[in-house]
Structures are given as C-alpha cells and as structure tokens.
Amino acid sequence: MGKVQVLDTKLANMIAAGEVVERPSSVLKELVENSIDAHSKNVSVYVYDAGRKRIVVEDDGDGMDRIDALTSLKRHATSKISSAFDLFRIKTLGFRGEALPSIASVSKMKITTSTGEGVGTELIVINEEATANDAPLRKGTIIEVEELFYNTPARLKFLKTDYTENANNIEVMSRIAMAHPEVSIKFFIDDRKQFATTGRGDLLEVIASIYGYSVAKSMVPFSFEAVDFKVSGFLGKPDIAKASRYYTITLLNGRNVYMPKVQKAITDAYSDFIAPSKYPFVVLNFEVDFALVDVNVHPAKREVRFSKEEELRLALLEHIPNALRPKTIFDEIEVKKEKKVKEEIEHVTLFSEDELNEASRGNVAVKFKEPENVENNNVFEDLFEEEVPSVKKEIVRENIIEETKEIKEEVKKVSPIKPLAQLNKTYIIGEDYDNSQGGFYLIDQHAAMERINYEYFTKLYDKKITTMHPLFPEVINIRPSDVKLFTEEKREMLKAIGLEFEPFGLNAYKVTTIPTWIQKDDEKEYIDELVNMALHEDKLDEFKLRKHAIATMACKASLKANMNCTMEEAKVLLNRLFNCENPHNCPHGRPIIIKFSKYELEKLFKRTGL
C-alpha cells in the first residue's frame, strides 16, 4: 500500500517538458507557432547565447486578458480545441496546451500581453509560481524565457555547442518562415539579424531572404492539384542539389513535418537529374483536408500520418520530372538548320526486327554504316590517325539497339550542336552550328547513349516486357535468415520487371523467366543484384526496381567509353539526344553535357578586354 501515488504537478510538468522542450530550438518552435495561431502578422524573435541565456518572442497577435494568461500556464489548457471532434480536424499549429507550462517548468518566464482592451497583463513566472502586474495596453504578446534548464542541470549539460544550437535555431525559424510567408518574421541572434521576411505571401521571396538570391534564381515553380490534395512550392534545379537530405523541406497545411514516403518519392523523382549521393533542394507545401491528417502522433508534432500518402507519392513521381525537364542546354542555342534532319537520318543503318531483337540480347554486334563521300575536315581526328596508324576505320558497336525505321518519326529536330572531334575516346567535343554562342561543349558519349536507350526502353516497357525461359535456369540460394523476407509481394515486384521464380529446395529458388535482353555472361550477376535489393531495402518499391532494371539495360546496350566514334556517328548520337525528354543527365543522374562559355575561355586566355 502507498507505493503508487500521483505525481506532484511541478514534477509532472518537468517530465512533460522533456518531450516538448528538448533544446532552445524547441522553445522557439512552440512560442512562434503560438504567435501564428494568435493571428499575428509580425513576429520578432531574439536569441542570446544560443538560447541558454535568453529567448524573446514578440508578436502583434490577439493577445490575452489576465484570466486567460493565468489559465494558459496550466497543463492541457488550450483555446484551440474543445472536443474530440476538433482533435480529428486540427487546423492550428498547437493544440495540446503543453507548451507554456512545460517551458515555464524549466526556465524563468515573463509574459506581457494584452487584447488591446482594458488593462494589459504582466506575469512573472518562477518555479511555476506566477505574479501578475498591470502592463501597457499594447495588443499582442511578448514572452521572455531566461536561464533555460536552470533547474535541470543534466539537460543543460547535454546541450551542444553554441554553433550547433544556433544552427538548430536557424533551421527551425527558417522552416516556420517558409511555411508562413504571409507572416513577417524577423530573427536575431545576439542582436545580429539572421533574416527578415516581408509577410507579403511570396514564398520565393522568403527563400531568397533565407538562402540568398543565387539559390532563389535556381528554383523552379511547381504546383498541381488532385481530388484530395493540392501541392505548391519550388523545386531546386539539379545544380543546387545538396549532400544532405535536410534541404528537402515538406510542409503540410503550414506545418513543417516529416513524411517518409513523400520525401523518398521526391528523391526518387530527382533520380534522373542528380547523382545518387545528392539530395534535392525543394520547398513544397501540401494542402490536405484536415480530416485526412493525424498530427497527434509525435509529442513535438514532427511526424504526421496522412491517409492518402501513397496517392501523393505516385503523383510526385509523375509531376516532378515533368516540371524539371522543359529547359535544356539545347534551348539556349538558336536552331537554324532544320533541313539537316533528312540529311542526318540518311546516314543511319536500318535493321530488320529480327536483327534488332538479336542485338538486344547481346547475341550479335550491330554497326553504323560508314557514309560514302563524306568530307573529313576534322583536324583532331587526322592527328590521332597519324599518331596511331593501327586505328581501324570500321567501327563496331556491341549491344546497341540501333535506329529502326521508326527513327524517321522519332527524330523530329536536329541537334544544334555540331560535333568536332572525339577526346580520349570518351568525350565528343562540339560547338553550336552557327557559332552564335561561342565556347564549346563536352558530351559524354556513354552517358548520352545511356539516356537515349533508357528513354527508348522505358517506352517499350510501358507497352510490354518481353521475357523468355532460360535454356539453363539459374538457381539462387537464399540465406535461411532471408527466406522469410522473400515474400510473395516482393516476388510480384520482380515479376513486374521480367523475373519469375519458383521454390527449388529448402532455401533455394529457380529462375523460370528472365527479360530477353539479359546476356548470358551477366545473367546471374544481374539476378542476384535485384534479389538482394528486394530482400534488404526496406523502402523498395516497383518504381525503383523498374527504373534500376531499365537503367541497367540501357547501360549494357550503350556505346562505351574508350571506343572510337566517327563524327557522323556523333551527329546521329546528338540528334537522338536532342529529342530526348531529359538530355541533361544519364539515368543515374550524371551530367551528359558540360558547356564552356566563350567568356570562360577568354578569361582563361586573358582576353577579357577584347
């Protein structure tokens, strides 16, 4: 008897503070969100000694009278919900009524507030004991938090350096500012302004205020609507991709949140445009019916549940690449020679359907036809031949899915880049045909062919996946600990890309069907790779498997580095690249074309004054 007892209110608040107030940035988040909930149009925030010494949040919101101000210090006291029905349609940033009492339990607090009518109120709160005084009649609220964690030394001890804590403070304030561009927010650290927003509702202006104009200039407007949600914001161009995922900013109904499926979908949608080690810089706000969102998941409301998350994921995978594609390096060059289309296409060898099918399986070598009576005016190529006389003129291409008769319909425009030479048997050097832009281009021949083949195979996959039964079926052995992971769902995913299995013993599966394009020499390696992905990647889905399969197929079928390429072949390659949806990047996100401008060249040669 007597072992179980109700905790003292002060002790209960200090325990609750451990969930809500982890560090100074937590205080900033809670107080500024309260200001926004109070319909403030202007919020000023001041932080001293990384928030350890003092935090001040000043707003021009609704304010409180004395009774409400005193009540707000009680745990679970809130003006934002009043029934269970409200809990399932949360429209405010705060709603639990825990922030103020939790902060007051681990700091010394002063609240100055007024509704603009009657007498203003000043509350001095120490050890959760509040003393009330009269205050000036200024509508709004000022909250001052001093000596944070003064009575919980263990928590104070585990705070990081000022640099780290201030980085967290800036991160929190930045995301709140981007979530609410309609509110003017001024943020100061040790009286030095970090950023200030105008409150005009312009998100791009807020991005410029926080990250600078160079970043804002590299942002692409993005928006679309569906039945259950509306998405708007900005997508960063591939050239400002970051090494950290923290620049993928997702806002849900004005709240900065973490949505794992959605953020992974954004990264996957960028996979054609940035390297695998990079993450996109995006700021996206999702407007969703409040009834479809559960924000009552995490004490700090960082993570939410959204019932239509899968539909949103699929929509992002479709819309983001479309938004990033329109502008290409080719669009910067004036194209004046449309009549060359016919001339260029005439140089392409046409093959029968049987020959192409054999080529796709890697069973035959396919080659370009050397055009007759083509004047060779390539000085660089002449030099190479003179130094290395053994170079053969007949160029053989292994595993290339060559242009068929359909190319005459596919190649609508001729590339504005004129190939001049091949460098290191890997890069094509080119310039624009009319030389109006100056400078030159370097094109990675393998990456270019990968992109061409990737889009070609993607269209084929959209129609039908061609499979076959291997003459000598492969048997894959799975570790006993992994057998349970090789579920029917994952086998169905693999089936969608042409791989089928059936049990073959205790811990083994026989491969009964494979895509027709897999070569005998890499068949087992490729199957093992995909099975390993299916077994061990937690967030694996059909989209990723399918993309990996097509990208691998495109890579195997492409012109390799360290292979000769004639200028006529280069012309065909560039024409086909010019007609791709994304001629900038290979399927793995590597760049295909790099431009060296006339200005850069003249600067290198000290000709800037000419």
**Message:** I'd like to know if Lys510 pairs up with Glu474 as an ion pair, taking the criterion as any Lys NZ or Arg NE/NH1/NH2 lying under 4.0 Å from an Asp or Glu carboxylate oxygen.
**Reply:** no
**Prompt:** Do the rings of Phe224 and His319 sit parallel, tilted or perpendicular, given the 30° and 60° boundaries?
**Reply:** parallel
**Message:** Within this structure, what is the CD1-CG distance for the pair Ile320 and Leu284, rounded to the nearest 0.5 Å?
**Reply:** 6.0 Å
**Request:** May I ask you to decide whether Arg451 forms a salt bridge with Asp272, counting only side-chain N to carboxylate O separations under 4.0 Å?
**Result:** yes
**Check: Arg175 side chain, Ile249 main-chain N or O, donor-acceptor pair, under 3.5 Å** = no
**Request:** Kindly determine whether Ile527 and Phe501 satisfy side chain to side chain contact (heavy atoms under 4.5 Å, CB included), including the steps that lead there.
**Result:** CA-CA 11 Å; Ile527 293 169; Phe501 305 84; 4.2 Å; yes
**Request:** Kindly state whether the ring of Phe229 and the ring of Phe286 have centres lying under 6.0 angstrom apart.
**Result:** no
**Prompt:** Just by modelled atom types, is the Phe578 backbone N or O under 3.5 Å from a matching donor or acceptor in the Ser415 side chain?
**Reply:** no
**Request:** Could you tell me whether Lys242 sits above the aromatic face of Tyr247, with NZ or CZ closer than 6.0 angstrom to the six-membered ring centre and within 45 degrees of the axis?
**Result:** yes
**Prompt:** Ignoring hydrogens and geometry, is there a side-chain-to-backbone donor-acceptor pair from Glu600 to Ser597 under 3.5 Å?
**Reply:** yes
**Message:** Strictly below 4.0 Å, N to O, side chains only: are Asp444 and Arg590 in salt-bridge contact?
**Reply:** yes
**Asked** Do side-chain atoms of Glu450 reach the backbone of Asn585 as a donor and acceptor pair under 3.5 angstrom?
**Response** no
**Asked** Can you tell which of Asn285, Val282, Leu203, Val220 makes a side-chain contact (heavy atoms from CB on, under 4.5 Å) with Phe234?
**Response** Leu203
**Prompt:** Is any side-chain heavy atom of Arg245 closer than 4.5 Å to a side-chain heavy atom of Gln263?
**Reply:** no
**Asked** Has the side chain of Glu455 got a donor or acceptor atom that lies under 3.5 Å from a matching backbone atom of Glu581?
**Response** yes
**Message:** Taking the side chain as everything from C-beta on, heavy atoms only, tell me whether Leu573 gets closer than 4.5 Å to Gln445.
**Reply:** yes
